[in-house]
Amino acid sequence: MIVRQRHTRQRAAIMSALEAANHPCTPEELLEAAQVRVASIGMATVYRAIRDLSDEGRLSAVALPGAAPRYELAGRGHHHHFECAGCRKVFHVDGCPGDLARLAPAGFTLEGHEIVLYGKCPGCAASSKSA
Ligand SMILES: [Zn+2]
Ligand SMILES: [Zn+2]
Ligand SMILES: [Zn+2]
């Protein structure tokens with residue numbers, strides 16, 4: 001029973017870390033944020049919680065080309081991402097140009113798309129200007 005409670009507390013720490021972050025997090029970022037709440041939390045627990053929460057449909061994986069998978073809360077709806085070339089953080093991009101079916105070659109049926117924006121976040125843009 002004690003084990004079960006600890007498990008729940010660790011999961012709650014990971015969920016609130018994700019809510020507070022408001023951007024897709026790597027397991028390492030989640031570990032760091034969750035340790036603020038539950039100091040004893042370890043990497044294995046973070047990976048197990050990610051797997052359990054994904055199975056339950058509460059987490060979505062964000063897989064960007066050439067980047068380690070990140071995780072965000074499920075249920076955000078259709079949206080895209082911005083990867084900062086400075087700090088390598090990934091941010092949500094709300095909105096979508098839509099109407100991409102017109103780009104598909106004649107005779108092709110579009111079933112989905114991925115759009116990733118690359119550039120600098122405000123923090124990195126500011127520090128590269130002052131450098
Ligand atoms: Zn940045
Ligand atoms: Zn997102
Ligand atoms: Zn879209």
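All ligand and atom numbering here is 1-based and tracks the order in the structure.
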Engineer: Please check if the number of heavy atoms outside Glu28 that lie under 6.0 Å from its CD is greater than 12.
Structural biologist: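 Enclosed.
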Engineer: Less than 4.0 angstrom from a charged side-chain N to a carboxylate O is my criterion; do Glu56 and Arg11 meet it?
Structural biologist: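 Yes, this pair counts.
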Engineer: If you have a sec, read the angle at the Zn ion (ligand 1) from Cys87 atom SG over to Cys124 atom SG, to 10 degrees.
Structural biologist: 110°
Engineer: Vertex the Zn ion (ligand 3): angle to SG of Cys96 and NE2 of His113, to 10°?
Structural biologist: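 Output for this angle: 110°, rounded to tens.
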Engineer: What's the atom name of the N, O or S in His80 nearest to the Zn ion (ligand 3)?
Structural biologist: NE2
Engineer: Start with the C-alpha gap between Met15 and Leu73, add the side-chain angles, then the distance that decides, and say whether side chain to side chain contact (heavy atoms under 4.5 Å, CB included) holds.
Structural biologist: CA-CA 8 Å; Met15 284 300 283; Leu73 296 177; 3.7 Å; yes
Engineer: Taking 2.8 Å as the cut-off, does His79 contribute an N, O or S atom near the Zn ion (ligand 2), distance below it?
Structural biologist: yes
Engineer: Can an N, O or S atom be found in His81 less than 2.8 Å away from the Zn ion (ligand 2)?
Structural biologist: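 True for His81.
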Engineer: About how large, to 10 degrees, is the angle OE1 of Glu72, then the Zn ion (ligand 2), then ND1 of His92?
Structural biologist: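 It rounds to 100°.
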Engineer: Taking Asp94 first and then Arg76, would you say they form a salt bridge - that is, a charged N and a carboxylate O separated by under 4.0 Å?
Structural biologist: yes
Engineer: Just to verify, which of His23, Glu72, His80 counts as forming a side-chain hydrogen bond (donor to acceptor under 3.5 Å, both in side chains) with His92?
Structural biologist: Glu72
